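Chain A is the first sequence line, chain B the second, and so forth, proteins listed ahead of strands; every chain is numbered from 1. All heavy atoms count here, side chains included; hydrogens, waters and symmetry mates do not. Owing to the predicted nature of the structure, the values given are computational and were not obtained by experimental measurement.
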Protein chains: 2
Amino acid sequence: MDPTPKLRMTTQRQVIMEELHKVKSHPTAGELCQMVRRRLPRISLGTVYRNLDILSRSGLIQKLDVAGQEMRFDGDIRDHYHLRCLECGGVSDVEMALLTDIDQEVEKASGFEVLGHRLEFVGRCPSCRRDKRAN
Amino acid sequence: MDPTPKLRMTTQRQVIMEELHKVKSHPTAGELCQMVRRRLPRISLGTVYRNLDILSRSGLIQKLDVAGQEMRFDGDIRDHYHLRCLECGGVSDVEMALLTDIDQEVEKASGFEVLGHRLEFVGRCPSCRRDKRAN
DNA sequence: TTCTCCCATGATAATGATTCCTAGTTAATT
DNA sequence: AATTAACTAGGAATCATTATCATGGGAGAA
């Protein structure tokens with residue numbers, strides 16, 4: 001229906017991307033909004049959400065949809081797996097080769113057309129393990 | 001602190017479990033509430049949520065937390081993987097051996113204490129592939 | 001059986017993340 | 001500079017989920 005509207009590089013959009021690329025964490029929209037507000041104090045949370053959505057649709061960033069209630073965003077668009085700390089809620093990257101064969105295996109076994117998979121680990125991050133030891 | 005309060009097997013709780021076990025789909029709380037209401041028309045959605053939570057904490061059912069906005073529930077408590085149809089939103093089981101080694105591998109490589117992982121596939125279910133062909 | 005305790009229920013309000021709406025603003029193009 | 005479609009801020013609306021609270025009812029003791 002609608003031809004894709006042409007993107008404009010607004011200040012807000014620019015700063016959102018920059019701030020997201022600065023960190024290796026995987027912030028939520030709210031966290032990112034706080035970060036951006038240090039430079040653009042009047043930016044609204046809705047704008048952050050809208051731009052994160054647009055940027056991820058354009059393939060410039062990644063919308064993570066990891067377990068948990070809040071969506072997270074990643075400036076690294078390479079396909080990779082994640083690890084969530086149950087204690088602090090943080091999400092880290094996993095250095096691990098992608099599983100390349102399982103999609104086809106599952107496709108054969110299930111009758112589904114398999115387009116991809118999502119693998120994520122849960123556990124306790126080094127920092128939280130350290131804290132626990134202190135208790 | 002609190003000794004776990006003793007569970008009372010109420011009619012509502014009973015019926016929720018029965019209805020969940022009847023299906024091989026992985027209903028949301030709302031869907032399950034509709035199913036249960038055919039037998040207990042006055043049950044409230046809050047009761048369904050509360051009991052699903054209690055039952056999953058007790059290990060009698062599984063809370064799925066698959067990608068997407070709504071939580072889903074599974075009467076099958078065996079550890080297994082899932083497959084989500086992007087078209088109809090349905091969630092199916094995958095017949096596939098569990099990946100047993102990767103947790104330890106990731107633990108060694110990452111410094112995290114890895115407690116488990118969650119793997120889910122995305123694609124199109126046989127039924128939606130069939131519909132698509134008709135277009 | 002009756003009393004008492006206490007967990008459970010139903011109804012509804014509250015919360016929190018996300019999306020939608022609208023009037024005013026701005027980047028890109030001519 | 002003028003034009004215009006895309007964008008923004010702010011707030012309202014939505015949707016899933018959780019909390020609150022007065023009432024209900026089952027299990028054990030008397």
Ring-plane angle category for B:H80 and B:H26, please: parallel below 30°, perpendicular beyond 60°, tilted otherwise. tilted

Any residue meeting side-chain hydrogen bond (donor to acceptor under 3.5 Å, both in side chains) with B:K24, in chain and number order, not counting sequence neighbours: none

Kindly write out the residues that satisfy ring pair (Phe, Tyr, Trp, His ring centres under 6.0 Å) with B:H21, not counting sequence neighbours, or none if the list is empty. none

B:L32 CG to D:dA16 C1', in whole Å, measures 15 Å

With sequence neighbours left out, what residues match A:E31 under side-chain hydrogen bond (donor to acceptor under 3.5 Å, both in side chains)? none

Could you name each residue pair satisfying salt bridge (charged side-chain N to carboxylate O under 4.0 Å, His left out) that touches residues 55-70 of chain A, not counting sequence neighbours? A:D53-A:R57, A:D53-A:K63

I'd like to check the side-chain contact (heavy atoms from CB on, under 4.5 Å) partners of B:Q12; sequence neighbours left out, ordered by chain and number. B:T10, B:L40, B:I43, B:T47, B:N51

Please check: side-chain N/O of B:R39 versus main-chain N/O of B:V15, any donor-acceptor pairing under 3.5 Å? no

Nearest whole angstrom, please: distance from the C1' of D:dC7 to the CG of A:L55. 13 Å

Under 4.0 Å, heavy atom to any atom of DNA chain D: which of residues 12-20 of chain A qualify? A:Q12, A:R13

What integer distance in Å separates B:I43:CD1 from D:dG24:P? 18 Å

Using distance only, find each side-chain donor-acceptor pair of residues 103-111 of chain B under 3.5 Å and give its atom names and separation, not counting sequence neighbours.
unit_1	atom_1	unit_2	atom_2	d
B:D103	OD1	B:H117	ND1	2.7
B:E107	OE1	B:V114	N	2.9
B:S110	OG	B:V106	O	2.7
B:S110	OG	B:F112	N	3.0

Contacts of type side-chain hydrogen bond (donor to acceptor under 3.5 Å, both in side chains), residue A:Q69, not counting sequence neighbours: none

Output yes when at least one side-chain N/O atom of A:S44 is less than 4.0 Å from OP1 or OP2 of D:dT8, else no. no

Contacts under 3.5 Å, N or O only, protein and nucleotides 25-28 of chain C:
unit_1	atom_1	unit_2	atom_2	d
C:dT26	O2	A:R8	NH1	3.2
C:dT26	O2	A:R8	NH2	3.1
C:dA27	N3	A:R8	NH1	3.1

Heavy-atom nearest nucleotide on DNA chain D taken for A:I54 and for A:R37; more 5' hit belongs to A:I54

A:T100: partners by side-chain contact (heavy atoms from CB on, under 4.5 Å), with sequence neighbours left out: none

Between the protein and nucleotides 18-22 of chain C, which nitrogen or oxygen pairs are less than 3.5 angstrom apart?
unit_1	atom_1	unit_2	atom_2	d
C:dT18	OP1	A:M71	N	2.8
C:dT18	OP2	A:Y49	OH	2.1
C:dT18	O5'	A:Y49	OH	3.2

Here the distance between atom P of D:dT8 and atom CG of A:L40, to the nearest Å, is 10 Å

Among residues at least two apart in sequence or on other chains, which ones pass side-chain hydrogen bond (donor to acceptor under 3.5 Å, both in side chains) with B:R78? B:D76

